[in-house]
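Step one of this worksheet: look at the structure below.
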Amino acid sequence: MISPALASEFREKRDEYNDKFATIHTLYPRLNPEIFTDFLTHTLSPIVDAVYKINRDRISDVIEALYDISLVLVAKGFIGPHSNYPSIEYGWRRLFDAFPHFIAASPNTFVTVITNALYNLTFEKYGRPGEWIEKMVEYGQYTRDSFCFLEMGKILAWRCGLTHYRDSALEVAQNLTHKYALMALTSPKLVEGKTINESSFKKLIDNIRSFPWIRPSSFIQKERRTKRLKLVGRVGGFQGFDGPFINPPRITVSEDTFIVYDNECCFELYADIFGCSLKSTELREEFLKNKSYETFTIDSNGNARYYDYSAQFPGLSGAASAASIGSTLAVVPPCSHMIFLIGLTNE
Amino acid sequence: MNFNKFKKISEAPTKPYKRREQRTFDVADLYRGPVSEQSTNRAPAAQLDEKLRQAYFWIVNNAIISPYYDIEYNTSPPLTFTFGDLKSIVTLPSDQSYSSFVLLPLLTLAVRKRCLLVGGPGRGKTASAFLMGIVAGYSLKDVRGAIQHGQPHMTITDLFGTPLPKDLGPSDTMDTIRIAWRRWLGMRVKIIDEYNRIPIRTQSALLTVMADNYAEILGHIYECPESAWYLTVNNGAGGVAYKDIEALRDRIDVVVKAPHFTPRFLGELLSRVEMNCKPEEIVPPQIIFSEGELDELFKQILRVNIPYPLLRRLEFFASQFEFCEHAAEQFEYKTKDTVTLSGIDRNVVIAQDTGCDSVKNLGVQTCNGLSVRALMTILLFIKAMAYFRGDKEISLQDIREILPFILHDKLTPNHDTPFFEDAKNFVFRVDRIGWVRNLFDLACAEYNRLDLDTRDPVGEIDEELKQGLDGVSEKDAKMKLVKIERILDNWQEGRNLNGHHYDDILTLKYLHHRYSNYLKWLRFAK
């Protein structure tokens, strides 16, 4: 049973919508009418209802935008029982139901960018689209401006596993109104009722940049926790076990980025408190030059030292390869396909 | 009717950029993927500089027919051609260039300043301002209702609002009277059409809003939001025109001329007539900014960097104009402002000065110097210009192109000086933009000749002071004082006193005083 508004729109422009379907079906023969109908009924229809309740004037534009994009999604296999992107449909239901006013204001743009975000978060191996959706639903309650909402979405995407966007997300935060940036970097509950001046905000950003293994919320909370060196993450693995490496990888640093490579492939490694990601890149000759690291070291017994901080990691003794950037040390133990990360953290 | 032509937005990127060799990840890619926006090309939602450029190109291609590129940029030496007896030069710029008539109102919207549109009747001044209202997100009806049309009987009540009649009778005090404020006061785009047809008394009230952002009636205050202002001027041919009050004119930040219409583009006008459409009715939603976006745009503009060497050039330029040696005995008062306040004819004062080169000395060409307000406006607009071009920091060309439009009414030429009597400079009596640009070029040439990028002793000492006085020992402070005194001693030998020297000497006096106060404090603390 579809919503009355949707039914009315289809009745009035029956031929137009049928033509659209036919055109896409020609381009994508695997466009399954049953899957599409099911999507219209169970996902699209409730969204239309939600928009209709708050803005009837725009309902025709909204339906057209949702319909067109739905066609593309079903045709390309992103929607359906066998889809590898279940978060797209889930995200539509949660986000579009929560924010019908954003859809009404700019149906095409808003639906497009959210759909693409859900796709990218799912596509990235270490992305956490479910977490992103829930955070967007929570954080989006605090703004009526779609621009601010989407900018917060970028910062949240970094926090939900797309760690290669860290620097770019922090730039977004610097350009965003402080209140929303602070919310996106920490949480709305921590920020409620608080204001922050320009210099404190700048200091917060600097701290986040300098301490990738400390949660941004720590910098604004009064409670101070002791920092220490700790095993903070691991990434990689043998190809046979769904990892990227055939051989035990080596690790080096180039232009403030970890480079991890074996005989066949090469990746840039991005890692922080919010996750790790490996991004494929070309192996360049300069990567093969041995880079020394001075501030963060590990000896053959697994004793790691970073300025006044030290800790022992017996499992990492005799490291085959190691490199550091700031307060992160990446270590590959002997005969391992995994990269272990030691970081300065307060958790 | 086919409006598809008018709905086309320039494809991003509107300003081609050199791809960086180093791979970087842009989080804006989060919103790009297998689904593309259906109707037209668009910039990603948050690339506001791209959106601003798209707005510019839509306006210049579809709304205001302005096939001019008077704001010129070059990546390589441009081709030039000369025509006529006066050897008029036409340049073909080698990089993306712009029409000031469209660009400057858009930049005014971005930085929330005040733009005066001048030109003959029917040249699109009001239309341009109207479009800015639409681009700022207001509806046609809102903008139409908000334009304040200057007319000789306009009163303060017409402009601001009226007390509610039902409150007037029973009220014993002003506090209980409510005011029905005019809606335009709360808008972020304010348009005053033919402001010189507003009576002077009402202009004074308008000044309060323009200058201080509030309106007052019967003791009630309405605080207006930060907004972009667009004022147009009636040339007097259409009826009564009042003298605009100087303070109001002084509040205008940038002056833009509406150019003439090139008849070669008559076909475009014909299409407009035949389609019976007005550009403001068909502005694509993709180039309309929300209030949040305009706020973010402004913040991003503020973050554009001004490199120190360029700031120095601007300082050098600005220091050319205020100095007037015969204006006073006290060194600090040797300014044109002192002469103006005295009421004496400035030429009487200038005639006392027989030693300076009245052609090369740039200060002689002007009647006044630059105010703090003018300097701040320059800084803001050059940032906006660089931002518009997608740059993270300003370039010399940004300053050169923007400066004349800001100083158009701020720097008053002194036509009595020999500079303007020279035949080749006669054109600058009329062409204010060209004159200011020429002033800047001459200042830059002098700056290069003096090699001030590498030889700036005042700058060195100033930079040391900016590091702070914490930890500066008595010995170091004394050395600084000696250094300053030595510079002043060297300079006093047989040297013409020019504008920039004057400001440097005052700066040295300031630095000397800071260090000597610090020295006294150090000794006291001991």
Side-chain angles (χ1 to χ4, degrees), chain A residues 64-65 68-69 72-73 76 78 85 88 105-121 123 132 143-151 153-158 162-172 174-178 180 254-255 257 268 270 277 279 281-282, chain B residues 7 9 12 20-52 54 110 136-137 139 188 226 283-305 383 387 390 392:
Chain A
E64 189 178 345
D68 289 350
I69 295 172
V72 170
L73 291 176
K76 289 186 178 181
F78 296 132
Y85 300 87
I88 293 179
S106 186
N108 234 331
T109 305
F110 187 75
V111 175
T112 299
V113 301
I114 292 293
T115 306
N116 285 334
L118 293 166
Y119 168 84
N120 286 318
L121 279 155
F123 180 82
W132 187 80
T143 178
R144 298 287 297 180
D145 188 321
S146 64
F147 173 76
C148 290
F149 178 72
L150 292 173
E151 291 295 90
K154 289 178 181 175
I155 300 169
L156 291 172
W158 157 51
L162 305 191
T163 43
H164 51 290
Y165 286 144
R166 179 187 171 81
D167 286 344
S168 181
L170 287 174
E171 271 185 40
V172 167
Q174 284 184 285
N175 288 329
L176 191 55
T177 307
H178 290 339
Y180 297 117
S254 173
E255 290 172 1
T257 306
E268 292 171 344
Y270 298 89
S277 49
K279 303 299 287 180
T281 186
E282 264 181 43
Chain B
K7 287 187 179 170
I9 308 288
R20 283 188 259 175
E21 287 174 11
Q22 186 187 345
R23 185 175 169 178
T24 53
F25 291 100
D26 184 358
V27 72
D29 289 339
L30 176 74
Y31 294 136
R32 295 186 194 110
V35 181
S36 62
E37 198 165 344
Q38 299 300 303
S39 52
T40 58
N41 297 315
R42 64 157 180 103
Q47 285 186 5
L48 293 172
D49 61 319
E50 184 61 52
K51 188 168 178 172
L52 198 64
Q54 288 187 326
S139 67
R188 295 170 64 131
E226 287 290 334
V283 177
Q286 293 92 330
I287 60 165
I288 292 176
F289 289 83
S290 69
E291 195 174 312
E293 284 176 329
L294 285 173
D295 283 342
E296 291 315 312
L297 189 68
F298 183 63
K299 286 192 182 110
Q300 289 179 20
I301 287 171
L302 293 181
R303 289 194 176 98
V304 171
N305 184 42
K383 281 182 182 248
Y387 178 84
K392 292 258 187 282

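Since the model is a prediction, treat every value here as computed from it, not as a measurement. Sequence lines set the chain letters: A, B, ... in the order given, protein chains first and strands last, and positions in each chain run from 1.
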Rounded to the nearest 0.5 Å, what's the gap from NZ on A:Lys154 to CG on B:Asp26? Could you check? 7.0 Å

Side chain from CB out, backbone as N, CA, C, O: work out which of these in A:Asn175 comes under 4.5 Å of a heavy atom of chain B, or both, or neither. both

Part of B:Pro34 within contact of chain A (heavy atom distance under 4.5 Å): both

Only one of A:Thr112, A:Thr115, A:Leu150 passes side chain to side chain contact (heavy atoms under 4.5 Å, CB included) with B:Tyr31, and that residue is A:Leu150

NE2/A:His178 to NZ/B:Lys299 distance, rounded to the nearest 0.5 angstrom? 7.5 Å

So which heavy atom on B:Phe25 is nearest to which on A:His164, and how close? CB-O, 3.4 Å

Minimal heavy-atom distance between A:Asp145 and B:Gly292, with the atoms involved, is OD2-CA, 2.9 Å

Structural part of A:Leu118 lying under 4.5 Å from a heavy atom of chain B: neither

Side chains of A:Asn120 and B:Asp29 in contact at under 4.5 Å (non-hydrogen atoms): no

Under 4.5 Å from a heavy atom of chain A, the part of B:Asp295 involved: neither

Output all residues satisfying ring pair (Phe, Tyr, Trp, His ring centres under 6.0 Å) with A:Trp158, sequence neighbours left out; order by chain, then residue number. A:Phe274

For B:Val35 versus A:Asn116, what's the shortest heavy-atom pair and its separation? O-ND2, 2.8 Å

Mark yes when over 12 heavy atoms from residues, nucleotides or ligands other than B:Arg303 sit less than 6.0 Å from its CZ; otherwise mark no. yes

Using non-hydrogen atoms only, which part of A:Leu162 is less than 4.5 Å away from chain B: side chain, backbone, both, or neither? side chain

Enter the distance from B:Glu296:CD to A:Leu176:CG here, rounded to the nearest 0.5 Å. 5.0 Å

A:Tyr119: what forms a ring pair (Phe, Tyr, Trp, His ring centres under 6.0 Å) with it, not counting sequence neighbours? A:Phe78, A:Tyr85, A:Phe123

